[in-house]
Amino acid sequence: MASSCVSVKQVVTVIAASAPDVRLGCCDDHGPAVWVRVTAWSPRLAFLTDARPFMEVSGKAAEDLAGLRFFSLLGIDGPPAECLEWPDLGLCPPLAPREDDTEQAAR
């Protein structure tokens, strides 16, 4: 059965920065890297990837990316076998507090 080529915007969460100057297995380049989670692919697995696209979008250093959420146009079948890429990468807007949360905080 052929693999689907459907791509949708997925949330990508940066979990942690890796040791500086990591050599990524998919390319000869090395530099800052981060561990990310794409919950739609797997709620348990983290993927080591180049930090530079995330740094460019957020304007932050690799060590300051942990906890930030991004979105990217990704395939729904899971991660590619080769190097991870982040097409149409953008920073997720902050979530507005829910009305229930603000009412409870006021009490």
Visitor: Side chains of L65 and S58: does their closest heavy-atom pair fall under 4.5 Å?
Guide: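 Touching, per the 4.5 Å side-chain cut-off.
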
Visitor: Would you check if P32 and R52 make a side-chain contact, meaning some heavy-atom pair closer than 4.5 Å?
Guide: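 SC-SC contact between P32 and R52 confirmed.
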
Visitor: Output all residues satisfying side chain to side chain contact (heavy atoms under 4.5 Å, CB included) with A66, sequence neighbours left out; order by chain, then residue number.
Guide: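 With neighbours one apart ignored, the set is empty.
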
Visitor: Using the side chain to side chain contact (heavy atoms under 4.5 Å, CB included) rule, take F70 and V36 through it: C-alpha gap first, then chi angles, then the decisive distance, then the call.
Guide: CA-CA 10 Å; F70 297 81; V36 300; over 6 Å; no

Visitor: W86: what forms a ring pair (Phe, Tyr, Trp, His ring centres under 6.0 Å) with it, not counting sequence neighbours?
Guide: F54

Visitor: If you group Ile, Leu, Val, Met, Phe, Trp and Tyr by side-chain heavy-atom gaps below 4.5 Å, do L91 and F71 land in one group?
Guide: no

Visitor: Measuring from atom CD of Q10 to atom OG1 of T39, what distance do you get when rounded to the nearest 0.5 angstrom?
Guide: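 Those atoms lie 9.0 Å apart.
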
Visitor: Between V14 and L84, is there shared hydrophobic-cluster membership here, with clusters defined by ILVMFWY side-chain heavy atoms closer than 4.5 Å?
Guide: yes

Visitor: Of all heavy-atom pairs between A17 and V34, which one has the smallest distance, and what is that distance?
Guide: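 Closest approach of A17 to V34: CA-CG1, 4.1 Å.
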
Visitor: Once you round to the nearest 0.5 Å, how far does CG of D50 lie from OG of S18?
Guide: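 So the CG of D50 and the OG of S18 are separated by 11.5 Å.
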
Visitor: Taking all non-hydrogen atoms of both residues, which atom of A61 and which atom of M55 are closest, and how far apart?
Guide: C-CG, 4.2 Å

Visitor: Taking the side chain as every heavy atom from C-beta outward, state whether V38 and P79 have any pair of such atoms under 4.5 Å apart.
Guide: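 Sidechains of P79 and V38: no contact.
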
Visitor: Got a sec, which residues hit side chain to side chain contact (heavy atoms under 4.5 Å, CB included) with A46, two or more places apart in sequence or on another chain?
Guide: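 With neighbours one apart ignored, the set is I15, W35.
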
Visitor: State, yes or no, whether a side-chain contact exists between V8 and L74 at a heavy-atom distance under 4.5 Å.
Guide: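 When only atoms from C-beta onward are counted, L74 and V8 do not touch, as no gap falls below 4.5 Å.
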
Visitor: Please check if the number of heavy atoms outside E85 that lie under 6.0 Å from its CD is greater than 12.
Guide: no

Visitor: Nearest heavy-atom pair of L73 and K9: which atoms, and what distance?
Guide: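 Answer, listing the atom of L73 first, then K9: CD1-N, 3.8 Å.
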
Visitor: Return the CZ to CG distance between R37 and L45, rounded to the nearest 0.5 Å.
Guide: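 With rounding to 0.5 Å, CZ (R37) is 8.5 Å from CG (L45).
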
Visitor: Walk me through whether K60 and L68 qualify under side chain to side chain contact (heavy atoms under 4.5 Å, CB included).
Guide: CA-CA 10 Å; K60 296 184 180 246; L68 291 181; 3.7 Å; yes

